[in-house]
Amino acid sequence: MTEPQPRIDTVRPLRASAVAQWDLEADVVVAGYGIAGVCAAIEAARAGARVQILERTGGWGGAAALAGGFVYLGGGTGLQKALGFDDTPENMATFLTAALGPGVDEAKIADYCANSVEHFDWLVECGVPFKESFWGEPGWEPPHDEGLMYSGGENSAPFLDLAKPAPRGHVPQLADKKIGERSGGYMLMKPLADTVAELGIAVEYDTRIRRLIVDDDDRVVGVLATTYGKPVTVRATRGVVLATGSFAYDTEMIDRYTPKLSGRPGAAIEEHDGIGIRLAQALGAELAHMDASEVAIFGDPQMMARGILVNGRGQRYITEDTYPGRIGQATLLQQDNQAFLIIDEKSLEEALATVSATPFFRFQPTWVAETVAELEAEMGLPEQTLQTTIATYNRHAENGSDPLLGKKPEWVRPISGSLAGFDLRGFTAGFTLGGLRTDLDSRVLHVSGEPIPGLFAAGRCTSGLCAGGYVSGASLGDGSFYGRRAGKAAAASATD
């Protein structure tokens with residue numbers, strides 16, 4: 001008689017007593033083969049555990065392999081020192097606490113910063129290459145294979161005076177980048193995937209997790225997955241690590257938790273459907289910062305730094321020389337997705353003469369005019385709004401200052417002569433930052449505050465370092481760092 005198949009159309013946990021047989025077994029089962037999953041698998045295997053990776057696509061990489069590759073590291077890494085930049089864990093923590101808040105997990109930030117140098121060394125030991133070269137121009141990422149860059153607004157207002165600026169965007173070396181196809185993220189993932197192969201870690205591709213399996217004490221002891229629709233039961237004798245990514249492509253979750261991202265393009269991959277979060281929720285897992293999101297704006301940083309950004313009322317709202325992700329957040333979350341870039345002809349020509357990693361953000365202006373009043377009228381702004389903004393800006397720019405928002409003097413110059421206006425309304429895309437609440441050992445926490453036995457998580461399915469703000473490299477940084485912690489902790493876990 002054929003055994004009945006377990007349901008796969010629910011996220012509720014499945015009792016181990018209902019499993020007739022286990023199709024696969026390992027000490028540690030890792031769901032997801034992106035940055036968090038690969039690091040968890042490596043550390044679990046090095047701790048002596050038998051590891052099984054389950055990946056829903058046909059290959060390794062996840063969102064990490066398509067990313068620019070920033071890993072946010074500091075405190076005095078070998079790359080920072082080689083390039084002459086001083087940094088300390090305390091200085092790094094001061095900046096991150098301010099930039100990633102409000103409501104950051106200060107213990108997690110302190111932990112991450114204190115161990116950042118060791119984490120950099122670990123990545124290098126695994127074969128991740130970092131070129132000893134610094135890129136100091138505004139940009140989304142280095143246009144070549146430079147290994148270090150400011151990636152979070154550390155050297156701009158309001159953080160410039162809070163902590164000593166230090167570049168912490170560490171980018172794996174890769175020549176001939178193709179943004180969104182093969183960039184620094186590929187050269188972060190490839191050496192780690194090679195390490196997985198060297199360690200002999202088992203991998204099942206085209207396998208999607210559907211339910212968690214728990215014993216009678218509610219300890220997680222495995223997962224129910226499907227391979228091409230066929231149910232597969234996978235036993236985990238020590239623990240399950242969720243490394244399944246964000247919920248950026250789950251419409252219902254976006255509408256519920258981050259409605260300002262509703263209808264916006266997702267700066268992630270379609271596999272980020274929140275499954276790991278929902279499965280853990282079904283066990284009573286606590287969530288954190290589910291309303292938090294990072295937002296990209298489709299603007300060229302070299303152009304934005306040399307011009308001014310105004311909202312739908314013709315008013316400046318953020319320093320234009322900061323990390324462009326902060327500009328995106330401010331535009332979508334605080335300015336109703338209304339943004340215009342105003343730049344004069346001389347500054348525009350200077351910007352277009354620079355090298356950019358994102359030349360596709362350099363498009364023709366929407367409006368051109370000989371005077372501010374003419375541009376204001378063509379843009380449809382109320383009379384005197386833009387004129388007043390530029391008059392105020394120019395008054396202080398004559399002295400190389402920006403007392404309103406604090407743009408650095410090197411980018412401050414009066415706007416004069418012929419003008420161009422770029423319509424950036426709606427030019428944003430985002431991804432989610434909230435997720436499962438975890439402790440410093442990447443154990444998933446129940447709403448009671450206690451760890452859920454046998455369940456660990458890392459990466460974008462968790463609420464990591466970011467509580468609201470963002471810096472490029474935070475996702476790959478805390479995903480890899482706490483992926484390692486999850487692997488170690490799961491390998492050390494044992495049933496009572």
Side-chain angles (χ1 to χ4, degrees), residues 35-36 39 70-124 130 134 147-171 288-289 292-294 319 322-323 325-326 329 406 433-443 445 457-460 462-486 488-489:
I35 189 61
C39 292
F70 281 115
V71 185
Y72 200 87
L73 300 166
T77 67
L79 185 60
Q80 286 180 314
K81 290 180 177 179
L83 293 171
F85 293 101
D86 295 325
D87 197 14
T88 65
E90 295 76 17
N91 188 53
M92 180 183 179
T94 297
F95 168 74
L96 287 179
T97 300
L100 302 184
V104 295
D105 185 332
E106 293 188 9
K108 191 168 283 188
I109 284 183
D111 175 45
Y112 183 81
C113 295
N115 294 282
S116 184
V117 171
E118 184 276 336
H119 188 49
F120 171 80
D121 293 340
W122 184 86
L123 291 171
V124 172
F130 295 96
F134 172 66
L148 189 65
M149 180 178 171
Y150 284 103
S151 67
E154 301 89 343
N155 60 337
S156 64
F159 310 115
L160 188 63
D161 299 322
L162 295 178
K164 181 181 178 181
R168 303 189 184 97
H170 290 61
V171 188
H289 304 299
S293 58
E294 163 60 348
T319 178
T322 190
Y323 163 56
R326 286 182 55 78
Q329 284 185 319
L433 300 175
L436 302 172
R437 184 166 169 253
T438 56
D439 65 10
L440 299 186
D441 287 318
S442 296
R443 298 179 296 180
L445 300 178
R460 279 276 62 90
T462 71
S463 175
L465 299 177
C466 304
Y470 193 75
V471 296
S472 273
S475 290
L476 298 182
D478 76 47
S480 57
F481 183 88
Y482 285 105
R484 292 177 61 198
R485 287 284 179 83
K488 290 179 181 179

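This one's a predicted model, so the numbers in the text were calculated from it and none came from an experiment. All values below were derived from every heavy atom in this structure, side-chain atoms included, with hydrogens, water molecules and symmetry-related copies excluded.
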Open item on the list: Distance check, rounded to the nearest 0.5 Å: Cys39 atom SG versus Lys488 atom NZ?
Closed with: 11.0 Å
Open item on the list: Checking side-chain polar atoms at under 3.5 Å, does Ser472 have a donor or acceptor matched by the opposite partner on Ser151?
Closed with: no
Task: OG1-CG distance between Thr462 and Leu433, expressed to the nearest 0.5 angstrom - done: 10.5 Å
- [ ] Give, for atom CG of Asp111 and atom CG of Asp105, the distance between the pair rounded to the nearest 0.5 Å.
- [x] 9.0 Å
Open item on the list: I'd like to check Arg326 versus Thr319 (side-chain heavy atoms, cut-off strictly below 4.5 Å). Are they in contact?
Closed with: no
Open item on the list: Measuring from atom CG of Leu445 to atom CG of Asp439, what distance do you get when rounded to the nearest 0.5 angstrom?
Closed with: 5.0 Å
Open item on the list: Between Ser463 and Arg437, is there a side-chain heavy-atom distance shorter than 4.5 Å?
Closed with: no
Open item on the list: Do Cys466 and His289 have side chains that approach each other closer than 4.5 Å (heavy atoms only, starting at C-beta)?
Closed with: no
Open item on the list: Treating Asn91 as the side-chain partner and Lys164 as the backbone partner, does any N or O pair qualify as donor plus acceptor under 3.5 Å?
Closed with: yes
Open item on the list: Please check: side-chain N/O of Asp478 versus main-chain N/O of Gly464, any donor-acceptor pairing under 3.5 Å?
Closed with: no
TODO: Tell me yes or no: between the side chains of Lys108 and Thr438, is some donor less than 3.5 Å from an acceptor?
DONE: yes
- [ ] Scan residues 71-81 for pairs that pass side chain to side chain donor-acceptor pair (under 3.5 Å), counting only residues two or more places apart or in two chains.
- [x] Tyr72-Glu154, Tyr72-Arg168, Thr77-His170, Gln80-Asp87
Task: Of all pairs that satisfy ring-ring contact (aromatic ring centres under 6.0 Å, His included), the ones with a partner from residues 95-117, not counting sequence neighbours - done: Phe95-Phe159, Tyr112-Phe481
Open item on the list: Between Leu123 and Leu73, is there a side-chain heavy-atom distance shorter than 4.5 Å?
Closed with: yes
